[in-house]
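To start, the structure under review is shown below, and the notes come after it.
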Amino acid sequence: MKISAVKGMNDILPEQIGTQRPISAWQRLENACRVRFDLYGYREVRTPVVEETRLFARSIGESTDIVGKEMYTFSDRKGKKLLSLRPEGTAGVVRAFVQHSVHTRDPITKWWYGGPMYRYERVQAGRYRQFHQIGAEAIGVAEPAMDAELLVMLDRLLRDDLRISPLKLLVNSLGDRADRTAYVDLLKSYLKKHLDSLCEDCRRRYEQNPLRALDCKVPDCQPVLDEAPQIGESLSEPARRHFEKVLALLGEMDIELEVRPRLVRGLDYYNRTCFEFVAGGLGAHDTVCAGGRYDDLVGSLGGPRLPAIGFAMGVERLVMLLPEDPNLEPEGPRVFFVYVGEESLETCFRLMEEMRESGVSAEMDFRGGSVKSQMRRADKKGARFAIVIGETEIATRRVSLKELWREKARDEETISFDLLVDSVKKRLLMNG
RNA sequence: GUGACCAUAGCUCAAUAGGUUAGAGCGCUGGACUGUGACUCCAGAGGUUGAGGGUUCGAUUCCCUUUGGUCACCCCA
């Protein structure tokens with residue numbers, strides 16, 4: 001019986017298989033995030049993969065596709081509670097923040113998180129059922145500088161640290177709740193007049209979520225949408241000033257961006273600033289990072305009425321775009337021991353461990369076989385040195401150190417057992 | 001939920017019009033060198049042609065069903 005991984009859930013292997021990047025690419029991305037977030041005062045938080053379903057329903061929105069049809073939901077053994085695999089990270093993080101009354105210790109909380117998320121969707125390029133997000137949330141600051149700092153941090157991370165290119169930052173303001181409801185009314189009455197020139201999907205959106213119609217890609221819809229009222233015109237004075245300040249601060253830092261009046265977000269909780277980083281070369285899903293302000297969410301989950309802003313990055317999408325690492329380390333052992341006969345196995349075993357204890361990676365092939373086949377393996381693993389140990393070496397307590405990689409370098413020098421480790425270390429220090 | 005395309009060795013792909021024993025490169029194992037890799041040469045292992053059914057003297061090839069994969073729509077990171 002051959003069992004393979006569940007559809008849409010992928011293995012990440014040490015080496016590259018097909019288009020699936022090796023785990024080293026993931027590690028590079030994760031390390032870059034860790035370093036960058038630390039620089040800006042974000043601390044890591046880890047929350048469970050499973051939460052009560054109501055948490056997601058309340059925060060993400062009952063009417064969203066995510067909650068309506070994409071969650072992995074089940075009842076636990078006792079049957080009382082409905083649980084779900086998390087479809088995104090913010091809800092759980094905010095829940096943890098509220099549950100532990102974190103705001104009582106510090107009025108400002110900056111947290112980052114990462115891990116697998118789950119959505120039951122048809123898989124497609126850049127979209128999986130188990131996928132990974134790395135995100136951050138800054139809770140407690142309403143000032144526009146917070147928005148700007150977050151965007152500067154992301155721009156530096158994506159552009160400078162990860163070298164994602166091409167990359168575009170799109171921003172918009174959704175206004176406050178009242179602005180949004182006023183605008184939705186305005187938009188609806190406009191769309192109503194043009195329903196017959198809109199596509200089928202847009203007519204459905206008109207009923208369900210008019211804002212999403214603005215995102216429509218159907219060419220025939222564009223003329224109508226271009227003429228549609230823009231949310232910018234419906235912003236309250238404070239919301240407008242907030243947005244302008246964000247843009248001013250970003251301009252100050254020479255952050256390149258595009259204001260997209262038609263940019264909206266899929267989750268219900270966003271207000272004011274929202275943004276998206278889009279890259280090329282990913283098929284239909286070019287967004288690698290998205291987020292925005294959610295000033296009402298913490299309060300609505302039973303916590304203090306604190307403003308917040310956050311984002312999430314799609315790890316699979318970013319990893320796919322990560323340029324090859326120019327200075328990739330050879331991952332093989334530095335030293336490979338080759339043994340000839342049972343007695344030399346013991347000697348190799350001991351010397352190999354001595355090598356490792358002093359910090360030099362070493363391996364051997366316990367399966368034995370011919371010296372040739374063991375040497376082949378040493379080469380294949382990318383070892384720097386090979387050491388063959390047989391009867392003569394044991395008798396003289398000396399080994400010859402063969403340097404691989406080099407074409408000629410026949411400098412097989414004999415070294416006594418006692419000096420072996422030091423000698424290898426010295427050579428490693430001398431040239432790489 | 002809707003639609004399109006694909007499926008042959010571990011990987012990438014061949015196989016004339018439906019024809020005999022399904023091939024190649026890479027990888028793997030071994031040998032040439034009985035204690036020395038990488039280069040070269042030689043050999044070997046590895047296939048229910050995704051699965052099931054049908055048409056046919058004969059199916060990798062044509063038809064149906066099914067499973068899996070890929071991509072797009074919806075939606076989203």
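Only heavy atoms go into these numbers, but all of them, side chains included; no hydrogens, no water, no symmetry mates. Because the structure is predicted, anything quoted here is derived from the model rather than measured. Here is how names work: the chains are called A, B, and so on, in the same order as the sequence lines, proteins then strands, and each is numbered from 1.
As judged by a 4.0 angstrom heavy-atom cut-off over every strand, A:Val388 is placed among the base-contacting residues. Residue A:Ala290 is classed as a sugar-phosphate contact, given heavy-atom separations below 4.0 Å to backbone atoms only. Using a 4.0 Å heavy-atom distance criterion, A:Glu391 is classed as a base contact. Nucleic acid contact class of A:Phe277 (heavy atoms, under 4.0 Å, all strands): none. Using a 4.0 Å heavy-atom distance criterion, A:Leu267 is classed as a sugar-phosphate-only contact. Residue-level contact check: A:Gly283 touches the backbone only, with heavy atoms under 4.0 Å from sugar-phosphate atoms and none from bases. Counting any heavy atom pair closer than 4.0 Å across all strands shown, A:Ala386 reaches no nucleic acid atom. Residue A:Arg367 is out of contact with every strand shown, counting any heavy-atom pair closer than 4.0 Å. Looking at heavy-atom distances under 4.0 Å, A:Arg204 makes contact with sugar-phosphate atoms alone, never a base.
Nucleotide B:G27 holds its P atom 17 Å from the CD atom of A:Gln16, rounded to whole Å. The distance from atom NZ of A:Lys380 to atom P of B:U36 is 21 Å, rounded to the nearest whole Å. Rounded to whole Å, the distance from CD1 on A:Ile3 to P on B:G68 is 14 Å. Taking atom CG of residue A:Asn10 and atom C1' of nucleotide B:G68, one finds them 14 Å apart after rounding to whole Å. Distance CZ (A:Arg119) to P (B:C76): 8 Å, rounded to an integer number of Å. One can place CG of A:Asp215 at 10 Å from C1' of B:C76, the figure rounded to the nearest angstrom. Distance, A:Leu401 CG to B:G35 C1': 16 Å, rounded to whole Å. For A:Tyr120 and B:C76, the OH to P distance is 19 Å, given to the nearest whole Å.
Nucleotides B:G10 and B:A51, compared at atom P, are 13 Å apart to the nearest Å. B:A45 and B:U20 have their C1' atoms separated by 25 Å, given to the nearest Å. Across the C1' atoms, B:G58 and B:U21 are found 15 Å apart, a figure rounded to whole Å. As rounded to the nearest Å, B:G50 and B:G69 have C1' atoms that lie 10 Å from one another. As rounded to the nearest Å, B:U8 and B:A4 have C1' atoms that lie 23 Å from one another. B:C57 and B:U70 are spaced 40 Å apart, taking the P atom of each and rounding to whole Å. Comparing the C1' positions of B:G46 and B:G30 gives a spacing of 15 Å, expressed to the nearest Å. For the P atom pair drawn from B:G18 and B:U2, the interatomic distance equals 34 Å after rounding to whole Å.
Here the closest non-hydrogen pair linking A:Ala138 and A:Lys110 is CB-CG, 4.1 Å. Smallest separation of non-hydrogen atoms from A:Pro210 and A:Leu187: O-CD2, 3.6 Å.
Within the model, atoms CZ of A:Arg127 and CZ of A:Arg317 stand 8.5 Å from one another, a figure rounded to the nearest 0.5 Å.
Mapping A:Asp379 and A:Val218 onto RNA chain B by nearest heavy atom places A:Asp379 closer to the 5' end of the strand. Nearest-nucleotide positions on RNA chain B for A:Thr64 and A:Val340 put A:Val340 closer to the 5' end.
Judged by distance alone, the side chains of A:Tyr294 and A:Glu137 do bring a donor and an acceptor atom under 3.5 Å apart. A:Asn31 and A:Arg34 are linked by a side-chain donor-acceptor pair at a separation below 3.5 angstrom, with hydrogens and angles left out of the test. Side chains of A:Tyr118 and A:Gln130: a donor on one and an acceptor on the other come within 3.5 Å.
Considering only side-chain atoms of A:Met375, the nucleotide from B:G37, B:A77, B:G3 that sits closest is B:G37. Which of B:C76, B:C74, B:G37 sits closest to the side chain of A:Asp201 comes down to B:C74. Of the candidates B:G69, B:U36, B:A77, B:A77 carries the atom nearest the A:Thr287 side chain, counting heavy atoms from C-beta on. The side chain of A:Arg376 has B:G37 as its nearest neighbour among B:G37, B:G35, B:A77. Comparing atom distances between the A:Lys372 side chain and each of B:G35, B:G31, B:A77 picks out B:G31 as nearest. Of the listed nucleotides (B:A77, B:C73, B:U36), B:A77 has the atom at the smallest distance from the side chain of A:Gln133.
Between A:Arg376 and A:Asp379, none of the side-chain N atoms (NZ, or NE/NH1/NH2) sits under 4.0 Å from a carboxylate O, so this pair counts as no salt bridge.
For the pair A:Lys381 and B:G37, the criterion of a side-chain N or O lying under 4.0 Å from OP1 or OP2 is not met. In this structure, A:Lys402 does not reach the B:G37 phosphate: none of its side-chain N or O atoms is under 4.0 Å from OP1 or OP2. In this model, the phosphate group of B:A77 is approached by a side-chain N or O of A:Arg265 to a distance below 4.0 Å at OP1 or OP2. Contact between the side-chain N/O atoms of A:Gln124 and the OP1/OP2 oxygens of B:A72 is found at a separation under 4.0 Å.
Donor-acceptor pairing under 3.5 Å, judged by distance alone, is present between the side chain of A:Thr392 and the base of B:G35. At a cut-off of 3.5 angstrom, the base of B:C76 holds no donor-acceptor pair with the side chain of A:Arg212. Below the 3.5 angstrom threshold, one finds a donor paired with an acceptor across the side chain of A:Glu393 and the base of B:G35. Between the side chain of A:Arg127 and the base of B:C75, at least one donor-acceptor pair of N or O atoms lies under 3.5 Å.
With both pairing distances under 3.5 Å, B:G1 is matched to B:C73 as a Watson-Crick or G-U wobble pair. Within the shown strands, B:U12 is the pairing partner of B:A24 under the Watson-Crick or G-U definition, both distances less than 3.5 Å. In this structure B:C6 sits in a base pair with B:G68, meeting the Watson-Crick or G-U test at under 3.5 Å. Of all nucleotides present, only B:A32 satisfies the Watson-Crick or G-U wobble test against B:U40, with each distance under 3.5 Å.
Applying the 6.0 Å contact sphere to CD of A:Gln99 captures more than 12 heavy atoms from other residues, nucleotides or ligands. Taking a 6.0 Å sphere around NZ of A:Lys188, one finds it holds more than 12 heavy atoms contributed by other residues, nucleotides or ligands.
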